[in-house]
Amino acid sequence: MSRPIVTFTSDFGTQDWFVGVVHGVLAAHAPDSPRVDLDHAIAPGSIAHGAFVLEAAASDFPPGTVHLAVVDPGVGTTRRAIAVQARGQFFVGPDNGLLEYALASPEAKVYELTEEQWFRRPVSRTFHGRDVFAPVAAHLAKGVPIASFGPRVLNPVRCTRTEPQLDGDTLLGHVVFIDRFGNALTDLTAAALAQVFGDTPDEKYEVAVLERRVRGLARSYGDAPVGALVAIVGSSGRLEVAQVGGDFANRLGVGEGDPVTVRVLPEG
Amino acid sequence: MSRPIVTFTSDFGTQDWFVGVVHGVLAAHAPDSPRVDLDHAIAPGSIAHGAFVLEAAASDFPPGTVHLAVVDPGVGTTRRAIAVQARGQFFVGPDNGLLEYALASPEAKVYELTEEQWFRRPVSRTFHGRDVFAPVAAHLAKGVPIASFGPRVLNPVRCTRTEPQLDGDTLLGHVVFIDRFGNALTDLTAAALAQVFGDTPDEKYEVAVLERRVRGLARSYGDAPVGALVAIVGSSGRLEVAQVGGDFANRLGVGEGDPVTVRVLPEG
Amino acid sequence: MSRPIVTFTSDFGTQDWFVGVVHGVLAAHAPDSPRVDLDHAIAPGSIAHGAFVLEAAASDFPPGTVHLAVVDPGVGTTRRAIAVQARGQFFVGPDNGLLEYALASPEAKVYELTEEQWFRRPVSRTFHGRDVFAPVAAHLAKGVPIASFGPRVLNPVRCTRTEPQLDGDTLLGHVVFIDRFGNALTDLTAAALAQVFGDTPDEKYEVAVLERRVRGLARSYGDAPVGALVAIVGSSGRLEVAQVGGDFANRLGVGEGDPVTVRVLPEG
């Protein structure tokens, strides 16, 4: 029996009952699928924040997983509702760029959700998470073919970011997320570092955030003394800057969007 | 195999392990029932807040759902523990008004929880969520008849609210909840508006909260420009007042209990 | 079919996607095991806090339960990863004292996690919750024998606390946790009180926190008027001091580590 995981990401927070109601729809229609809350602390209405979380976390889930995502400031307007098949998984949400991680795949197939027989009816004007997206996600998890929900869409709304740039011998990126420990995650991936700097030894790197410079890439937070700043390739394959046992971002005033530079120290 | 959803609502918050321990009891006794957290951010001891959440959310769940609710400032005293069969669902919690949504149904059947063989023993003095309510909810979900848990109760404690009033041509209600987006939910339902104002066109309505007046009922938040105030019938069938892309309640100092009025604008 | 509960405790918070990703690993490898979040609000890096939560809550779960716990400031260093069989349950986490509740059992059997075929690969440097601990917890839940994961460990790292002391006729302990209601939980258990004071009647006790004295042990919070201070043996078998309907700890400035004394009032 196939019973893929259904994940759920939203900007609903956990102070209200909205997350629970969506889970009720999932549990009613796909009771055998494990349900996993990915993140409900997306800043209200922040499509970029939600898109980043899907990009950081979706690949940690197995093939066939259905990712339900609802950051939907345009609910009730003419914005489309879509489902995307990409990267061996499914993604369901509004057509506003939130599903960028899926859409960025060259093999992505996008479908508009128009077949109302799959919806919870009547469809409210303000809560398509409950009435449209969750029922479709549940039916996808139960094996309903994605083409059953509506026609192909060829021009989905995209959510593109500034890509890291190479300036002379310096790679320029940005802080994209501050985690609970105050670590600053960047948009510089291990793959990008390898492409630009080849097999430079870890100790030859210099990473700078605002005016703070860190020499070398660490292998773990625990390898440096408490209080030290470290740069490290973290669990999602991105360069992070952190203070061991501290709260780097809050103490130094680093925030999302701040520039990050990486270069290789000259010999000697 | 029947395996109804069990929802769980409490004022336990999510900083401690109490919610998890209750889930452990549910999972141990009813492992096949999907468990859904409805809301654990009920203000500590606020029976009215908990009752409102059940009223707003319970009907979104399928028939047979078991709603476990624990807001229980009188735990350990002589307050009764009850289970209620109403509206095609089951409700389990303290007899202090928390289950008002169920009790308000004319067909509600109420049972006191006295048959200790269903409890977790020894029963503590302070944590009946774990020791009394969760085991009973789990056994209800497994199909134990509700009359097995104890005798009928004919005088359960009620939690009545001030009903909306008609004053001349103006309907008077109150803000009952501020959600995460700062939207102010009221106790004025779509049904009440229809009863008082018939099929008045949406644009003829005027809604006022404190001194702020909003003309017309919107069809979606996205139909008005960012910053605009809108009045809308939201996903739980209640009149809400919101600021598009903003935080109405915090910016304008609106809080629970504030008066809301609705009238129809004169012609011309 | 055996399908034990898997609990999950961490210092990850719920602002990020890390808890969800770990659930994904559990759901992928042990889809039939109920998953229960015990507590993710452990203070970042606080091994003692995490150890206390396991001590307070683990025994509420049935035999065979697998407790996954990740408070891991030394991730990526040479600290060992371990699994422990103790008290009829399993515990998986870093070898840093976090699993003290299990280790304190004389029958505890401790195994180092070295057999990489059970891990998620490649193993990151910074997220062993996802890559090491969750896969092992899931496989334990599926019935893989604990000795499959690596060799016995005879000198696990311990996290010992100051034990309560008897000073003349006064029992000295400490506040170990402030819960959401502002109740101060202590390290003085019902068993310790019984051992020191025998069957002293409840009303003869005097409990003091900082300079606040409370006479008698209450049977429930609801037995005293709102505002009153009460001392009570709570749901986890520990002496608690609380203010009825209030927030004892915040109002009186009581915090973790503050001394608590218990004595028996003289006759007359």
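Lettering follows sequence order; numbering is per chain, from 1.
Of all heavy-atom pairs spanning Gln15(C) and Ala41(A), the tightest one is OE1-CB, 3.6 Å.
Phe61(A) places a side-chain heavy atom less than 4.5 Å from the side chain of Val21(C). The shortest distance between side-chain heavy atoms of Ile232(A) and Thr126(C) falls below 4.5 Å.
Rounded to the nearest 0.5 angstrom, Arg120(C) CZ and Asp60(A) CG are separated by 4.5 Å.
Proximity of a side-chain donor or acceptor of Arg35(C) to a complementary backbone N or O of Val36(A) within less than 3.5 Å is not detected.
Here Asp39(A) is the residue among Thr65(A), Thr9(A), Asp39(A), Val233(A) with the most heavy-atom pairs under 4.5 Å with chain C.
Enclosure of atom CD in Gln195(A) is not indicated, since only 12 or fewer non-hydrogen atoms of other residues, nucleotides or ligands lie within 6.0 angstrom. The neighbour count for Arg158(C) CZ, taken as heavy atoms of other residues, nucleotides or ligands under 6.0 Å away, is above 12.
Contacts of Ile5(A) with chain C are made by side-chain atoms alone, with heavy-atom separations under 4.5 Å and no backbone atom involved. Of the two parts of Ala58(A), neither the backbone nor the side chain holds a non-hydrogen atom closer than 4.5 Å to a non-hydrogen atom of chain C. Interface residue His40(C): only backbone heavy atoms are found under 4.5 Å from chain A. When heavy atoms are compared at a cutoff of 4.5 Å, Asp131(C) does not approach chain A at all. Of the atoms belonging to Thr77(C), heavy atoms from both backbone and side chain fall under 4.5 Å from chain A.
Using bins of under 30°, 30° to 60° and over 60° for the plane-to-plane angle, the ring pair Trp17(C)/Phe177(A) lands in the tilted bin.
Of residues 180-191 of chain A, those residues with a non-hydrogen atom less than 4.5 Å from any non-hydrogen atom of chain C are, in numerical order, Arg180(A), Phe181(A), Leu185(A). By a heavy-atom distance cut of under 4.5 Å, Ser235(A) are the residues of residues 235-243 of chain A near chain C, going up by number.
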